Structures are given as structure tokens and as C-alpha cells.
Amino acid sequence: MCNECYSDNPRITPLLKGEQCLKNHTQYICPTCGRCICIDRDDKRGVYRWNFPFKTLEIAKLYLRTAEVVCNDVCGIYEITGKNNRISYKIFHDKKDLEKYLSKNKDKICKQMSPVYISKQYIENPNAGIRKLRDDEVKKYLQEQKDLCEI
Ligand SMILES: [Zn+2]
Ligand SMILES: [Zn+2]
């Protein structure tokens with residue numbers, strides 16, 4: 001597993017619509033494994049990709065690093081139970097942010113009220129790139145992603 005971005009597949013992201021995401025969205029480029037993680041902010045709604053709920057803990061972990069970079073601190077992944085006992089995973093900077101979210105979303109609960117996953121510490125890496133990729137980089141990355149997934 002990459003110590004820096006918590007993934008064992010350095011080309012797993014973007015998970016969906018890879019080309020569109022890599023071309024149009026700002027990426028966090030992991031300085032250790034080169035994985036690109038969408039760190040784009042929807043200005044209209046003021047939310048990042050990592051603010052959205054994730055279906056599994058594993059997928060949430062793929063975006064955890066971008067939350068830590070934005071918050072400049074460790075962030076936790078929390079298990080949220082919604083309508084019909086549907087489970088999802090959300091990243092919050094701290095418990096206060098979780099409580100704020102729960103107070104606005106009365107149909108959701110967090111049984112544990114503590115993270116199911118949190119890294120031990122946040123170490124900023126000045127070598128990390130946060131930018132949009134050039135067209136040739138997008139092409140190369142997508143090819144590498146294809147090659148890795150075919151193994
Ligand atoms: Zn994106
Ligand atoms: Zn990495």
C-alpha cells in the first residue's frame with residue numbers, strides 16, 4: 001500500500017469517467033506512486049469530491065488523502081446509516097464536522113460516532129502536485145490505468 005495515498009493500486013482512480021475527470025478537474029498527484037486523485041471543488045456548492053458519500057470504506061480511503069491535504073490535518077472516515085439501513089462512508093475533518101452534518105441530515109445517523117478509519121498523522125509533502133494534467137499526461141495516465149487493469 002502507498003503510505004502517502006493509502007492505495008495499493010497506483011492507477012485505480014478516477015473510478016468513473018476517467019478521461020473527463022483528468023482533463024477537466026484539478027488532481028492531487030501522489031509524489032510517491034503517481035496516483036491522481038480528484039481534488040476539484042464544485043464552486044457552486046462549495047464541495048469537494050471527498051465530501052460526497054462513498055459506497056465502501058475502501059473507496060473512501062482512495063480519497064482520504066485529498067481531504068487531509070485540504071484540511072492540512074488527519075481526517076476520519078465515518079460509517080453513516082441512512083434510510084432503510086443503507087450504509088455509506090463519509091470523510092470528515094473531525095467530530096464537530098460530523099455532528100454538523102448529522103444535525104442537517106436528520107435521516108442519517110452515525111452509530112459509532114468515531115472514525116472507522118483514520119491515519120496516525122498527517123505529513124505534508126511539498127513534492128505533491130496539485131494541478132490539472134496536460135493532454136499528454138492524461139493520455140499516458142489512461143494508458144497506464146488500462147494496462148494495470150488488464151493484468
Ligand atoms: Zn474529477
Ligand atoms: Zn500514492
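On a predicted model such as this, the values are computed, not experimentally measured, just so you know.
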Can a donor-acceptor pair be found, under 3.5 Å and without considering hydrogens, that links the side chain of [X] to the backbone of [Y]?
X: T13; Y: C36; answer: yes
X: K90; Y: E79; answer: no
X: Q27; Y: H25; answer: yes
X: D107; Y: G82; answer: no
X: N105; Y: K108; answer: no
X: R35; Y: L62; answer: yes
X: N84; Y: R86; answer: no
X: E137; Y: K132; answer: no
X: E144; Y: P10; answer: no

D94 and K96 ion-paired at < 4.0 Å: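 Salt bridge between D94 and K96, a charged N being under 4.0 Å from a carboxylate O: no.
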Salt-bridge contact E4-R65 (side-chain N to carboxylate O under 4.0 Å):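 Looking at E4 and R65, the cut-off is met.
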Mind checking whether [X] and [Y] have side chains closer than 4.5 Å, heavy atoms only?
X: I12; Y: L148; answer: no
X: C110; Y: F92; answer: no
X: C75; Y: Y63; answer: no
X: M113; Y: L102; answer: yes
X: C5; Y: T32; answer: no
X: V47; Y: F52; answer: yes
X: I91; Y: T66; answer: no
X: V70; Y: W50; answer: yes

Heavy-atom closest contact ([X] atom, [Y] atom, distance):
X: V116; Y: Q112; answer: CG1-OE1, 3.4 Å
X: V69; Y: Y122; answer: CA-OH, 3.6 Å
X: D40; Y: N24; answer: OD1-O, 4.4 Å
X: D97; Y: H93; answer: OD2-CB, 3.3 Å
X: C33; Y: C30; answer: N-SG, 3.5 Å
X: A60; Y: Y89; answer: CB-CB, 4.1 Å

E99, CD: over 12 other non-hydrogen atoms inside 6.0 angstrom: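 Atom CD in E99 is crowded, with more than 12 foreign heavy atoms closer than 6.0 Å.
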Neighbour count >12 (heavy atoms, 6.0 Å) for atom CG, N3: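 Incorrect, the count does not exceed 12.
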Criterion side-chain contact (heavy atoms from CB on, under 4.5 Å) on E68 and V74, from CA distance to verdict: CA-CA 5 Å; E68 293 178 336; V74 291; 4.2 Å; yes
Do [X] and [Y] sit in the same hydrophobic cluster, where Ile, Leu, Val, Met, Phe, Trp and Tyr count as joined when their side-chain heavy atoms come under 4.5 Å apart?
X: L142; Y: L16; result: no
X: I39; Y: I123; result: no
X: L57; Y: F54; result: yes
X: Y78; Y: L64; result: no
X: I109; Y: I77; result: no

Evaluation steps, side-chain contact (heavy atoms from CB on, under 4.5 Å), between L98 and I80: CA-CA 10 Å; L98 167 68; I80 305 292; 3.8 Å; yes
Spatial distance of atom [atom1] ([X]) from atom [atom2] ([Y]) [nearest 0.5 Å]:
X: Q145; Y: N9; atom1: CD; atom2: CG; value: 8.0 Å
X: K140; Y: L22; atom1: NZ; atom2: CG; value: 12.5 Å
X: S7; Y: I59; atom1: OG; atom2: CD1; value: 11.5 Å

Ring geometry between Y117 and Y6 (parallel below 30°, tilted from 30 to 60°, perpendicular above 60°):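 Answer is perpendicular, since the angle exceeds 60°.
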